[in-house]
Amino acid sequence: MVAPFIGGEILFGADLPWPALARKYADGAAVLAQPAGDSLPPDCDLLFLVRPDGRLDPVMEGSTPLPGPGDTVVLLAPGGRGGRPEV
């Protein structure tokens, strides 16, 4: 049980709550990582950046991190698993 007075931010933003993330994954979406300078696949959701020093910078309800040189973007991309569960 979580106390109602505990504050916090929404991880991945209000547009991607747990039920939406789980539904997309069940529908075949894949978690992908790629260099920040590459073009993003269509209809993907940015989850977080991995900074060159290994620090994770997640998307939060009120902010989306800006990629910089050497960053890796971690995305939820539709259809990346072809509708099959990962092995």
Side-chain angles (χ1 to χ4, degrees):
M1 176 180 247
V2 176
F5 55 83
I6 293 178
E9 295 181 71
I10 297 175
L11 185 61
F12 307 139
D15 293 337
L16 195 60
W18 173 250
L21 190 145
R23 183 182 65 251
K24 288 182 178 192
Y25 188 79
D27 288 343
V31 177
L32 306 175
Q34 66 180 46
D38 292 357
S39 61
L40 301 179
D43 300 322
C44 66
D45 295 290
L46 175 64
L47 301 177
F48 52 88
L49 300 176
V50 181
R51 302 297 186 178
D53 63 1
R55 184 174 42 95
L56 298 179
D57 201 353
V59 172
M60 301 300 281
E61 181 176 20
S63 66
T64 299
L66 297 175
D71 286 348
T72 299
V73 295
V74 179
L75 312 163
L76 184 65
R81 293 184 300 120
R84 297 184 320 264
E86 289 183 289
V87 177

Would you give me the side-chain donor-acceptor pairs under 3.5 Å for residues 39-58, sequence neighbours excluded?
| from | atom 1 | to | atom 2 | distance (Å) |
| --- | --- | --- | --- | --- |
| Asp45 | OD2 | Lys24 | NZ | 2.6 |
| Arg51 | NE | Asp57 | OD2 | 3.4 |
| Arg51 | NH1 | Leu66 | O | 3.2 |
| Arg51 | NH1 | Asp71 | OD2 | 2.4 |
| Arg51 | NH2 | Asp57 | OD2 | 2.7 |
| Arg51 | NH2 | Leu66 | O | 3.4 |
| Asp53 | OD1 | Arg55 | N | 3.0 |

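Among pairs with a residue in residues 10-20, none fulfils side-chain hydrogen bond (donor to acceptor under 3.5 Å, both in side chains), at least two apart in sequence or across chains.
When all heavy atoms are compared, the tightest approach of Ala36 to Gly68 is CB-O, 4.2 Å.
The side-chain contact (heavy atoms from CB on, under 4.5 Å) with Val74 is formed by just one residue from the set Val59, Leu32, Val31; it is Val31.
Using a 4.5 Å cut-off on side-chain heavy atoms (C-beta onward), Ile10 and Met60 make no contact.
Leu76 is connected to Leu11 through a chain of hydrophobic side-chain contacts under 4.5 Å among Ile, Leu, Val, Met, Phe, Trp and Tyr, so both are in one cluster.
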